[in-house]
**Student:** 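I have a structure here, written as structure tokens, and I will follow up with some questions on it.
None of the values given here were measured: they were computed from a predicted structure. Worth knowing before you read on, the calculation uses all heavy atoms, side chains too, and leaves out hydrogens, waters and symmetry mates.
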Amino acid sequence: MPMLPRIQSIATVVPDHQISQPQVREFVGQATEKGLSPRIAAIYDSTGVESRAIAQPPEFYLGRADFPQRNAVYLAEGQSLLERAAEQALAEARLEPEQIDAIVCVSSTGIATPSMASQMIAPMGFRADALTVPLFGYGCAGGVLGLQVAGDLVRADPTRRVLLLTVELCSLAFRFGDLTKKAIIASTLFADGASAVVLSAAGDGPALGAFAQHTWPGSRAMMGWDVDELGLGLILSRDLPSFVREHFAPVLDGFLTREGLDKSALAEPACHPGGRKVIDALEAYFDHLRGGLAATRAVLADHGNMSSPTVHFVLQRILARGDSGPLLTTALGPGFTGAMGIIHR
């Protein structure tokens, strides 16, 4: 498959502050004098998350940091994570920063103008004429849609070497004292992390095939941000698992049919782990897999839902197995949007 975008390397990183699910439960319980009710506390034991990384020590989240304070953390810690991820990915691809022609940067958990990618050019030694493409608002779907955009840049000019970056600090949306069901669910799932993927048309690495995006009308209330004095507040529908079964599954069927692929012949896909119930719904769709979505569940357990980078953590694990054949990757995000793509190994 000449001149297709190929993955040269993938790197994933998380912040240094690790916190276990029991610690999160205890921490959130401090938000009320009576603590969490047994019914609410039990949610933390049923999400499939065991440990997570967060950008700041837990004490930071005890106060009511305003949006400028939260965004300052996003800018400093986000860029630090991206630089670590980029260094690892470039080293694995045996490239120097000045050899990168374009940088695509996906993030939806803070505001950076100029973009984080452009702020990394001088400190990391990228060329001044490197193309920078910031992508905002994709949320959890950003890891897959970022691959599509970065791949399209390689398709447009096969001499390009493209660095795809994703970073999300979901912990900055935490509001201490908010005991709404939505906030509790968010506190059981979301975490921080970053990834870097080097793509070019060279070599024999996994090749990007067809990608697609589907946005459902009238679905904006499924997922997104509310903006207030504390910054970005989560919009999250409890209907995501049923949405996967009723709406995303037919879209996946149509995508696979167009690509001439039989679902029952596919190996384990790299799916974004939106949460345990979402994984359950996806496993029902991929009911031919004896081991289910093992890599997706493992990433959720080890890291939680880091939004856009998370699917790259799953992809990295699956590609490391060295299997052959087409690999499906999927994610869902604000819009409400489904993202899907084929990677040829």
Side-chain angles (χ1 to χ4, degrees), residues 1-8 10 104 138 140-158 160 162 164 197-217 219 243-274 278-296 310-312 314-333 335-345:
M1 287 177 285
M3 312 311 284
L4 286 179
R6 294 180 178 274
I7 296 174
Q8 307 300 326
I10 302 178
V104 177
Y138 283 152
C140 296
V144 174
L145 294 174
L147 279 173
Q148 180 177 9
V149 172
D152 284 348
L153 289 176
V154 176
R155 294 179 202 272
D157 181 353
R160 278 190 182 127
V162 179
L164 168 62
V197 184
V198 176
L199 298 108
S200 74
D204 58 357
L208 303 192
F211 277 66
Q213 178 178 1
H214 184 97
T215 301
W216 289 271
S219 61
F243 196 96
V244 169
R245 291 188 294 269
E246 297 169 16
H247 300 284
F248 189 42
V251 169
L252 275 176
D253 283 339
F255 174 70
L256 293 174
T257 298
R258 289 193 301 274
E259 296 309 310
L261 295 172
D262 181 355
K263 179 182 70 172
S264 64
L266 292 177
E268 180 184 351
C271 298
H272 170 75
V278 172
I279 298 174
D280 289 345
L282 287 167
E283 282 188 335
Y285 177 77
F286 297 107
D287 57 1
H288 67 287
L289 297 173
R290 299 179 103 184
L293 301 179
T296 296
T310 324
V311 73
H312 294 165
V314 180
L315 183 60
Q316 184 181 44
R317 292 190 183 207
I318 291 178
L319 290 178
R321 299 172 184 170
D323 298 336
S324 60
L327 171 62
L328 175 68
T329 183
T330 74
L332 292 161
F336 192 62
T337 287
M340 62 222 82
I342 300 296
I343 297 171
H344 298 283
R345 298 172 289 181

**Student:** Report the distance from atom CD1 of I10 to atom CG of L319, rounding to the nearest 0.5 Å.
**Tutor:** 5.0 Å
**Student:** Is atom CZ of R321 surrounded by more than 12 heavy atoms (other residues, nucleotides or ligands) closer than 6.0 Å?
**Tutor:** yes
**Student:** Compare all side-chain heavy atoms of V251 with those of M340 and state whether any distance is below 4.5 angstrom.
**Tutor:** yes
**Student:** Specify the closest pair of heavy atoms between A141 and G333, including all atoms of both residues, with the distance to one decimal.
**Tutor:** CB-N, 3.7 Å
**Student:** Output all residues satisfying ring pair (Phe, Tyr, Trp, His ring centres under 6.0 Å) with F336, sequence neighbours left out; order by chain, then residue number.
**Tutor:** F243
**Student:** Is the shortest side-chain heavy-atom distance between I318 and T329 below 4.5 Å?
**Tutor:** no
**Student:** Looking only at non-hydrogen atoms, find the nearest pair between P158 and A201 and report the distance.
**Tutor:** O-CB, 3.5 Å
**Student:** Is the shortest heavy-atom distance from the side chain of L315 to the side chain of I7 under 4.5 Å?
**Tutor:** yes
**Student:** Which value, rounded to the nearest 0.5 Å, describes the distance between F286 atom CZ and L293 atom CG?
**Tutor:** 7.0 Å
**Student:** I would like to know whether L208 and I343 meet side-chain contact (heavy atoms from CB on, under 4.5 Å); could you show each step before the answer?
**Tutor:** CA-CA 5 Å; L208 303 192; I343 297 171; 3.9 Å; yes
**Student:** State, to 0.1 Å, how close H312 and G143 come at their nearest heavy-atom pair, and which atoms those are.
**Tutor:** NE2-O, 3.0 Å
**Student:** With side chains defined as the heavy atoms from C-beta onward, is the minimum distance between T296 and L282 less than 4.5 Å?
**Tutor:** no
**Student:** Using modelled atom types and a 3.5 Å cut-off, is there a donor and acceptor pairing between side-chain atoms of H214 and backbone atoms of L252?
**Tutor:** no
**Student:** For R6 and G205, which heavy atoms make the closest approach, and how far apart are they?
**Tutor:** NH1-O, 2.7 Å
**Student:** Could you name each residue pair satisfying salt bridge (Lys or Arg N to Asp or Glu O under 4.0 Å) that touches residues 198-217, not counting sequence neighbours?
**Tutor:** none
**Student:** Side chains of V314 and P273, heavy atoms from C-beta outward: is any pair under 4.5 Å?
**Tutor:** yes
**Student:** Which atom names give the shortest non-hydrogen contact between T330 and V311, and what distance separates them?
**Tutor:** O-CG2, 3.9 Å
**Student:** Could you work out, with salt bridge (Lys or Arg N to Asp or Glu O under 4.0 Å) as the rule, every residue matching R155, not counting sequence neighbours?
**Tutor:** D152
**Student:** Kindly list each side-chain donor-acceptor pair under 3.5 angstrom involving residues 258-265, sequence neighbours excluded, with atom names and distances?
**Tutor:**
from	atom 1	to	atom 2	distance (Å)
R258	NH1	G254	O	3.4
D262	OD1	S264	N	3.1
D262	OD1	S264	OG	2.9
D262	OD2	S264	OG	3.1
K263	NZ	Y285	O	2.8

**Student:** Looking at residues at least two apart in the chain, or sitting in another chain, which of them share a side chain to side chain donor-acceptor pair (under 3.5 Å) with Q316?
**Tutor:** T12
**Student:** Could you go through the side-chain contact (heavy atoms from CB on, under 4.5 Å) check for H272 and V144 one step at a time?
**Tutor:** CA-CA 9 Å; H272 170 75; V144 174; over 6 Å; no
**Student:** Is any side-chain heavy atom of C271 closer than 4.5 Å to one of I279?
**Tutor:** no
**Student:** From L328 CG over to E268 CD, what is the distance, rounded to the nearest 0.5 angstrom?
**Tutor:** 11.5 Å
**Student:** For the atom pair NE2 (H247) and CG (L332), what is the distance rounded to the nearest 0.5 Å?
**Tutor:** 12.0 Å
**Student:** If the condition is salt bridge (Lys or Arg N to Asp or Glu O under 4.0 Å), which residues does R160 pass it with, not counting sequence neighbours?
**Tutor:** none
**Student:** Locate the shortest heavy-atom distance separating C140 from A331; write the atom from each residue and the value.
**Tutor:** O-CB, 3.6 Å
**Student:** Is it true that a side-chain atom of Q8 and a backbone atom of A202 form a donor plus acceptor pair closer than 3.5 Å?
**Tutor:** yes
**Student:** Side chains of L327 and I342: does their closest heavy-atom pair fall under 4.5 Å?
**Tutor:** no
